[in-house]
Novice: 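Quick one: the structure is below, questions incoming.
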Amino acid sequence: MISRAQQAASQDRPDGARLRCLVTGATGYIGGRLVQELLDAGHEVRCMARTPVKLRDHPWVGEAEVVAGDVTDEASVRDALRGIDVAYYLVHALGSGKDFERTDRGAARLFAEQARAAGVGRIVYLGGLTPHGVAARDLSPHLRSRAEVGRILLESGVPATVLRAAVIIGSGSASFEMLRYLTERLPVMVTPSWVSTRIQPVAVRDVLRWLVGSARMPSDVSRTFDIGGPDIVTYRELMRRYAVVAGLPRRLIVPVPVLTPRLSSHWIGLVTPVPAGVAKPLAESLRHEVVCDEHDIADYVPDPPGGPLGVDAALTLALRRVQDAQVTTRWSSAAVPGAPSDPLPTDPDWAGGSLYTDRREAAVDASTADLWRVIEGIGGEHGWYSFPLAWAVRGLLDRLVGGVGLRRGRRDAARLRVGDSLDFWRVEEIERGHLLRLRAEMRLPGLAWLEMCADRDEAGRTRYRQRALFHPRGLLGHAYWWAISPFHAAVFGGMARNIARAAARTAKEGAA
């Protein structure tokens, strides 16, 4: 039952009034984009993140309030919800372990209880579109958990809007990246039978429009809404239509029933940048037809002229943004479940711990600005400036054991920000013009970091300084470091020399 406090909170706000919105999951793909949309709509925005520093370099950070918090921690949730009119719940524990459904359930209940206690006027949640007439026990764990979270929020006593989407098409989304790489790399595909399943894709810009518009729904509206674009297609047709939009020759697609979601997720993990742990729930969700039963959302958030974007328009827009390097957020914006997240420890706190270090330096015949451009441009299409085969093999081995591999690339070809994924690293710290620190997210028996610095020596000459660090876990970790130590001269030594040479070339080209 909706309390009088919630009704009053909604009814006291005149149309067009500035709302105070909380966005959880602001480091993620949708959350990172929603913040800007809410600000553009004139609302006040507070972001809750487990690691607020990851939001430091977002273009909207100066306009939004950022607080530290975790949806499983009662105190931080209570503080984050204080004074909030509309709370966006955009988090889930998928990939955090076998008990992720229980974690999702507990976090949703905690959030719902605290939202009711705080007098929040509305909760808005983005979930997954579930197939009509399929029992919960027959759904994939991913969809089952999303549906359960939606039910918990609807039963919270706070008016709730639960939006249910199938495949989201947008630059940088996991679904789009999976589609793009499969179609571009494989002119002939032996595919799982789920490519024949009907789906109703939706453009990310329409999802964001509905999320923003949901903030102003009347207090007596508390329900689920199916959201989708105007086209219903099979995944096979979606791949063929992407090929047309991208100007590729027609793709030959042959479905094979023996490829289960588990097997196909590993196949996707080897061909695309999307690791098996992320691909598996996407593949499992395609076992059943996911088509909207209604479009009632238009009664509260009117469709734009011409209606929601169709498949071809959504694919064209997403591909253009990728080609123009205008990807705001990517599926990898959020930390990869299971990847190490410990920050590099400070020296005093580390006393007595094992920390292996490989240091390299090189004189650079260029300015520190030229050197920094090379450092900040590392990875992705530019590569790692040493022994490409070794990096490629290490990336492949990581994919084979379920890691992220080397193909995640970069969000932006020239500029990095804290929290960005960078192949199998994540940007942990940037002192622009001076320091780039990366934390490894590949599968390792320990924690690893790579630091690159543009510096000057006592005589004022430019020097490149590089430091690789490894904190082993157990005997296996120590054995791992000593096993790869013989290759450090080729890999890390070559990297330092080649980065220095690349900076010198950049300086010469700039002077020409």
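In this chain, residues are counted from 1 in sequence order.
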Novice: W391 vs W384 aromatic rings, parallel, tilted or perpendicular, using cut-offs 30° and 60°?
Specialist: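 Taking W384 first and then W391, their aromatic rings lie parallel (interplane angle under 30°).
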Novice: Roughly how far apart are Y125 OH and R146 CZ, rounded to 0.5 Å?
Specialist: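 One finds 5.0 Å between OH of Y125 and CZ of R146.
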Novice: Using a 3.5 Å distance criterion without hydrogens, assess whether the side chain of T24 forms a donor-acceptor pair with backbone atoms of Y88.
Specialist: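 A pair under 3.5 Å: yes.
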Novice: Answer yes when D420 and R410 have at least one side-chain N-carboxylate O distance shorter than 4.0 Å, and no when they do not.
Specialist: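 Here D420 does not pair with R410 in a salt bridge, since their nearest N and O are not under 4.0 Å apart.
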Novice: Only counting residues at least two apart or in another chain, list the ones meeting side chain to side chain contact (heavy atoms under 4.5 Å, CB included) with A246.
Specialist: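 For A246 the side chain to side chain contact (heavy atoms under 4.5 Å, CB included) partners, ignoring immediate neighbours, are Y242, L248, L319.
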Novice: Please report whether the ring centroid of F387 lies less than 6.0 Å from that of F487.
Specialist: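 Ring centroids of F487 and F387 are no less than 6.0 Å from each other.
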Novice: Give a yes or no on whether the backbone of D70 and the side-chain of S76 come within a donor-acceptor separation of less than 3.5 Å.
Specialist: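 At least one qualifying donor-acceptor pair exists.
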Novice: Using modelled atom types only, decide if a donor and an acceptor are shared between the side chain of Y464 and the backbone of A503 within a distance under 3.5 Å.
Specialist: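 No: the side chain of Y464 does not pair with the backbone of A503.
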Novice: Between R251 and T183 (side chain of the first, backbone of the second, donor and acceptor by atom type, cut-off under 3.5 Å), is there such a pair?
Specialist: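 Checked: pair present.
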Novice: Measuring from M442:CE to R394:CZ, what's the distance to the nearest 0.5 Å?
Specialist: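 Separation between the atoms: 5.5 Å.
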Novice: Once salt bridge (charged side-chain N to carboxylate O under 4.0 Å, His left out) is applied, do any residues pair with R359, and if so which ones, sequence neighbours excluded?
Specialist: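 By the salt bridge (charged side-chain N to carboxylate O under 4.0 Å, His left out) rule, R359 matches no residue at all.
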Novice: With a 4.5 Å cut-off on side-chain heavy atoms, are E37 and L211 touching?
Specialist: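 No; the side chains remain at least 4.5 Å from each other.
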Novice: With sequence neighbours excluded, tell me which residues meet side chain to side chain contact (heavy atoms under 4.5 Å, CB included) with R56.
Specialist: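 Side chain to side chain contact (heavy atoms under 4.5 Å, CB included) list for R56, sorted by chain: V53, V418, E429, I430.
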Novice: Keeping the roles fixed (side chain from E451, backbone from L435), state whether a donor-acceptor pair exists under 3.5 Å.
Specialist: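 The answer is no, because no donor-acceptor pair under 3.5 Å joins these two groups.
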Novice: Mind checking what makes side chain to side chain contact (heavy atoms under 4.5 Å, CB included) contact with A414, not counting sequence neighbours?
Specialist: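 Listed in chain order: D412.
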Novice: Is a side-chain N or O of R473 found less than 3.5 angstrom from the main chain of P445, in a donor-acceptor match?
Specialist: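 Not a single qualifying donor-acceptor pair exists.
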Novice: What orientation do W482 and Y356 show, parallel under 30°, tilted 30 to 60°, or perpendicular over 60°?
Specialist: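 Ring orientation, 0 to 90° scale: perpendicular.
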Novice: Are more than 12 heavy atoms from other residues, nucleotides or ligands located less than 6.0 Å from atom CG of D365?
Specialist: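 Atom CG in D365 is not crowded, with 12 or fewer foreign heavy atoms closer than 6.0 Å.
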Novice: If you look at every heavy atom in S386 and V491, which pair is closest and at what distance?
Specialist: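 Minimum heavy-atom separation between S386 and V491: OG-O, 2.8 Å.
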Novice: Tell me whether E441 is salt-bridged to R439, with the criterion being a basic N under 4.0 Å from an acidic carboxylate O.
Specialist: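 Answer for the salt bridge query: yes.
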Novice: Do side-chain atoms of W449 reach the backbone of R467 as a donor and acceptor pair under 3.5 angstrom?
Specialist: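 It does not hold such a pair.
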Novice: Check for a donor-acceptor pair, side chain of S173 on one end and backbone N or O of I169 on the other, with a separation under 3.5 Å.
Specialist: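 A pair under 3.5 Å: no.
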Novice: Does anything in residues 187-203 form a salt bridge (Lys or Arg N to Asp or Glu O under 4.0 Å)? List the pairs, not counting sequence neighbours.
Specialist: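 Qualifying pairs, neighbours excluded: R198-E289.
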Novice: Which pair of heavy atoms, one from A502 and one from Y385, lies closest together, and at what distance?
Specialist: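 What the structure gives for the nearest pair is CB-CE2, 3.7 Å.
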Novice: Taking T368 for its side chain and D455 for its backbone only, find out whether a donor-acceptor pair lies under 3.5 Å.
Specialist: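 Side chain of T368 to backbone of D455, a donor-acceptor pair under 3.5 Å: no, none is there.
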Novice: Would you say CZ of R205 has more than 12 non-hydrogen atoms from neighbouring residues, nucleotides or ligands within 6.0 angstrom?
Specialist: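 Not buried by this count: 12 neighbours or fewer within 6.0 Å.
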Novice: Check whether any side-chain heavy atom of F176 sits under 4.5 Å from a side-chain heavy atom of V204, and report yes or no.
Specialist: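 Heavy-atom side-chain distance check fails, nothing below 4.5 Å.
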Novice: Please assess R240 against E237 for the test salt bridge (charged side-chain N to carboxylate O under 4.0 Å, His left out), listing each intermediate value before the final yes or no.
Specialist: CA-CA 5 Å; R240 285 177 172 161; E237 179 63 21; 5.1 Å; no
Novice: With A468, which residues qualify under side chain to side chain contact (heavy atoms under 4.5 Å, CB included), at least two apart?
Specialist: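 Side chain to side chain contact (heavy atoms under 4.5 Å, CB included) check on A468 returns D358, L450, F492.
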Novice: Could you tell me whether the side chain of D231 and the main chain of V311 form a donor-acceptor pair under 3.5 Å?
Specialist: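 Yes; judged by distance alone, with no hydrogens or angles, the pair exists.
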